[in-house]
Structure formats: C-alpha cells, structure tokens
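See below for the structure under consideration.
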Amino acid sequence: MQMPHKIDNRKRAWWKESSVYQIYPASFKDSNGDGIGDLKGILSQLDYIQKLGVDIVWLNPIFKSPQIDMGYDISDYYSIHEPYGTIDDVDALIQGLHYRGMKLVLDLVVNHTSDQHPWFVNARSSPSSEYRDFYIWKKPRYDENGQRHPPNNWASYFGGSAWEYDEPSGEYYLHLFAKEQPDLNWENPRVREEVYKIIRFWLDRGADGYRMDVINFISKHPDFPDAPIKNAASKWQNASEYYSHGPRLHEYLHDIGMILKEYDAFSVGEMPEVKDTNEILKAVGFDREELNMIFHFELVDIDHGPGGKFTAGNWQLGDMKRIVSKWQTFMYENDGWNALYLENHDQPRSISRFASDLPEHRVLSAKMLATFLGFQSGTVFVYQGQELGMPNVPWDWTIEKYRDIETLNHWKEIPGTQTSLHEASLREYRLKGRDNARTPMQWDTSPNAGFSTSDPWIPVHEDFHTLNAAMQVKDPESAYHYWSRVLSLRKKFKDIIVYGSFALVSPEHPEVFAYVRRSEDGNALVVCNFSPRPVQWTVPEDVSDLLKEGRVVLSNYSPSCDGLRAGQSVTLRPLEAFFWL
Ligand code: GLC
Ligand code: CA
C-alpha cells in the first residue's frame, strides 16, 4: 500500500477547500417577467445557494453583449448587459454574497471580443486604425486560378473557416469561434494592458476572482501554418496544436497571475484541447504563479465521435477510470490542483450522460454522481440544477426549440432536408448539445417552473412538476440535501478529501467506480455503481485495513451497504453509491 505524503501546511489554500456554484444568468431566475434571468433574480436566491454549502458563486458573462454566443461576445467589459441589470446590481450581489461568507467569481472572456466592441469597430474601419493591431489580420491566399482563399485551413468551432474576409481592406481576420467573435491579438502589448485593466477593475469593485474563457488560446503560433488534415470530409481543420498552448501562453498567464496574487483572487482557466498533464502543470503548478486550477476536457469529451462532438461516440467506465485516476494522481504527485466538474453551460446534464435519467433513476443518479465527484481531490464545481438532478431536454425536442449557435450552425450545414443525417444529428444534440444545460432553473410547480412569469427565452423542461427546488429543499432525502452533505463532509474531513492521496480500487470492474482517499488523518472509501442494474462486487483485500475501522457515512440507499469485509462478494443495488470513512 502506498503511503500518502505528509500534508505540507504551506500548500493549504482557501481555494482548494472551496466549492463553487455556477450560475447561468439567463436561465437562473427572472425578477421582472421579461423571460430572461437577471441579477436581481440571483440576488433573491442567495439563501438557497448558501444552504447548499458552497463558498463561491461563478457567473457566466454578464457584460454588455449582442448575445451571439450568450454573452461570450462582449462589446463593453465595463458595463452590464441591460436585461441582466446594472452595475449597482453587481455591487448588491457582491455585498449579499460577502455578507453570507461567499465570494463572487466573474467570467473573463479575453481570447476574443464581440465584433461590436468599439476596438473592433474601429479596427475594421481602416487598416491604419490605431486599433487594427488589436486583432489578427492576414492577407488572402490565391490559388493558380486566381481564386481567393483564407490565409490557412483553420476551422472555427462554430462551423466553417476561422477567417472572415473584410471586403474593404482585402484582409481576413481570425475568429476561432463565431465570425462575430474576432480573436484579440495578445502579441500587442496594448491589448494586454487593456485586459489587465479589466481584471483590476472588477477586483477593485469587490469581485473575488475569475473563470477565464478558453484562456489557453490566447497565444497563437506566429506563423499560422496550415493544420494537418484530420477530417478529410472538410476543407477546414481543427488547428488546436497551433493555438492551445502557444509559445507565449505561460508568459501571459504569469502576468495575469501576478495581478491575481495582489488580490489573493480565485482563478480557474478553461483549457480545451490539452491532454498533456505537463503542459497544464505549467499553468497550475503550486509555485508557478499562474492560475489556481484549470478545466481540462478529457472527461467531458469522452463521448465525442470520430467526426466530432455531434457524431456518435461511446465510452466505457474503464475510459473514465483511466482519465480520473491520471489527473487525480498526477496533481497530487506534482503539486498541481484539479478543478472537478461534470456539468457546466457547455455540457449536457450529467445524469443523462453518465448515469440514467429515467424518472425512477434521477435522484439515485444525481446522488451517485455527487458521491463520485464530490470526494475526489480538487475544487468542486456544481452547475445550477445539477444539485436537483435535472436531466437533458426531452427526446422529442425539435430543432425549433434549440437556441445555441453551436447547435444551430451545425444544423444549417447538414446538406438536404429531413435526411437520416438530420435525424442522427438531433439525437446527438439531445445527448451533447449545450442547450441541455441552459433550460430554466426549476424552482417550483408554478407556471414556467417559477423561473419567470412570462414565456422564457428557452423552453422550460416539462418535468418541473416533479423535479424542482421547492420540493427538494423540503425533502431531507433529496438530491439537493445529499449534495449539501457531500460538501459539508468535504470540509469536515478536508485532510482526507481535499488533501489526501487517491487510488482506484477494483480498477478492472466494468461497472463499479471505486477509490480510496488516504491521509495521515484517516482513510476513506468511495464506491459507485454506475449501472442502473444490480451488480456483483468483491471487496478487494487492499482496503481491508480501512474497512476494519470505519462505516458508511453517506449513501444513496438505506439501509446502506454497511459491515463490509475484504474478500466478501456483495450485490450493489442499481446506481448505489456510498462513502465509507
Ligand atoms: C467557452 C465558453 C463557451 C463559449 C466559448 C467561446 O468554451 O464556455 O460557452 O461559446 O468559450 O467564448
Ligand atoms: Ca429579467
């Protein structure tokens, strides 16, 4: 048995011991009946959030924006998107959170701006604009027939080329996302100065940190080379090797880190496309002074197909074990830190994806996944509605119900009408589309789930009569209360759960995900049956020491699986999970 390290007291940190609740402002709570969630709505629910036991609230972008990509296209970093409220509402929110001992984390979207941002409007107006160099402009390429082409073959994440032609100047600008989201040119020191000013502005106003949108994309390969062909069916290729960990990334992150340090601010960077743990360690290593932690994508890309996100993929529990165990042990051994998440505004609902969302399984699944995630080492992120076990949108959703640019652009690119490819794609949207997580928060059984007094901007999930916050807050056996127990156990046994070591148990079992957490302070065992059917599990010898002492402290079944002994074969009930300590 591998002995855990002694905990180094210098490496304890408040942000390691914290849990985060993520709010999607448009879909959380509407205070004025326009069908769009807002800051006053959030302010009215702070007690609900506090009682869950989280320490931090992260808001998706609330800044002025044409909303081409739900606020990830910012046209003014210093003012608030009007339907969400005013800067006074932000002050009130900061106060309300601080009063309850919680912190506020904002979304920093600085890989790109909106094309309506004055910088871009100005940059586009003329090649000699003093803002031209805030963005990335390149000359066209011409083929032997004199046909004009983009400067390289890079694909945009929202379909088509990553370059948009600007007729008047005869140049293209880069946009890794929508054409309304031009990429900033971080090589320009004036851009960096502006970003650092924004960072300070909200921290000075009382915000406590940032979630940083696709922050690993800010440094691009200076030559913008063509990407190798990965998808022969397309003219445009994913070129992430040329911008997901560019040559100046860590220099920029260090600049940011130095500002954050002054404020003891929280930071989590979103880092798609990077699987190399060593690359990520450069960003989150304890003494690197860059970021506290990052979101990697290995787990949430697990069901993407060979032709991308919206093609059928399949995954096995063994894949999940390999990924989780890799990050858990790597960060522990190397003094980095993990951000733990199964859901966010870009991902489908976790019970639908990883467990079972049949009505009779929802609560069990939500609790099982809470057990699975909540006792790992890292900072836990809970996305609004995850604490209730909200599922994906219903299977009968037609394309008219979807709102997300990623889904709608994908749909538009499917050739023909009503083909089998359309049908297959609808199925993939139901499995992986981002709108799954964006339906309104389900507060109670009143019209529109108590989210709004008028029709919401995106349809409410019709299951709100049986699945809502009011019912769960009243019911001590609900997923909501289970989550709150998980979060309080994390605090109570933090030397084990936050700072302990991690090892898989029964690594070969195809349906049971089990692991031990060890520390000088004690040991814990987590067992999760991912199957909605009963399974046999033989308690392995390597946990015999631990079983002699503890007992089941939390389980989604009662009576729970108590009195286990090594060597014993037990039947775990459908989706059964327990935490033994
Ligand atoms: C991030 C955001 C996502 C957005 C994209 C472009 O991945 O989480 O919602 O569409 O960046 O800003
Ligand atoms: Ca509103």
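Here, residue 1 is the first one in the sequence, and each next residue gets the next number. Below, all heavy atoms of this structure are taken into account, side chains as well, without hydrogens, waters or symmetry copies. Predicted model only: the values in this text are computed from it and were never measured. Just so you know, ligand 1 is whichever comes first in the structure, and atom 1 is the first atom listed for that ligand.
- Not less than 6.0 angstrom separates the ring centroid of W202 from the ring centroid of Y77.
- For ligand 1, the atoms lying closer than 4.0 Å to a non-hydrogen atom of R211 are 2 (C), 8 (O).
- Here the two rings, on Y48 and W443, have centers that are under 6.0 Å apart.
- Interatomic distance, I136 CD1 to L184 CG, rounded to the nearest 0.5 Å: 8.0 Å.
- Ranking the protein heavy atoms by distance from atom 4 (C) of ligand 1 puts D69 OD2, 3.3 Å first.
- Atom CD1 of residue I259 and atom CD1 of residue I199 lie 5.0 Å apart, to the nearest 0.5 angstrom.
- Rounding to the nearest 0.5 angstrom, the gap separating the CG atom in D69 from the CG atom in D404 is 7.0 Å.
- Ligand-side atoms of ligand 1 in range of E270: 1 (C), 7 (O), 8 (O), 11 (O), range being under 4.0 angstrom from any heavy atom.
- Close approach of ligand 1 to H112 (heavy-atom distance below 4.0 Å) involves ligand atoms 6 (C), 12 (O).
- With a 6.0 Å cutoff to the six-membered ring centre and a 45° limit on the axis angle, R132 counts as a cation-pi contact of W137.
- The option with the heavy atom closest to atom 11 (O) of ligand 1, from among L176, I405, D213, is D213.
- Of the protein's non-hydrogen atoms, the one nearest atom 5 (C) of ligand 1 is F177 CE2, 3.7 Å.
- Interface of H345 with ligand 1, defined as ligand atoms under 4.0 Å from a residue heavy atom, comprises 2 (C), 3 (C), 8 (O), 9 (O).
- Contact detail for P83 and I36: the closest heavy-atom pair is CB-CD1, 4.1 Å.
- Ligand 1 places these atoms under 4.0 Å from at least one heavy atom of D346: 1 (C), 2 (C), 3 (C), 7 (O), 8 (O), 9 (O).
- Looking only at protein N/O/S atoms, the ones less than 3.0 Å from the Ca ion (ligand 2) make 5 in total.
- Geometrically, K16 engages W337 in a cation-pi contact, judged by NZ or CZ lying under 6.0 Å from the ring centre and within 45° of the ring axis.
- Ligand 1 does not have Y157 within reach: every non-hydrogen atom of the residue lies 4.0 Å or more from it.
- The aromatic rings of F177 and H112 sit tilted relative to each other, their planes meeting at an angle between 30° and 60°.
- Using a 4.0 Å cut-off to heavy atoms of F158, the atoms of ligand 1 that qualify are 10 (O).
- Screening F381, Y72, F295 for a ring-ring contact (aromatic ring centres under 6.0 Å, His included) involving H345 leaves a single residue, Y72.
- The aromatic rings of Y131 and F134 lie perpendicular to each other, with more than 60° between the two planes, well past the 30° mark.
- The shortest heavy-atom distance from R434 to ligand 1 is under 4.0 Å.
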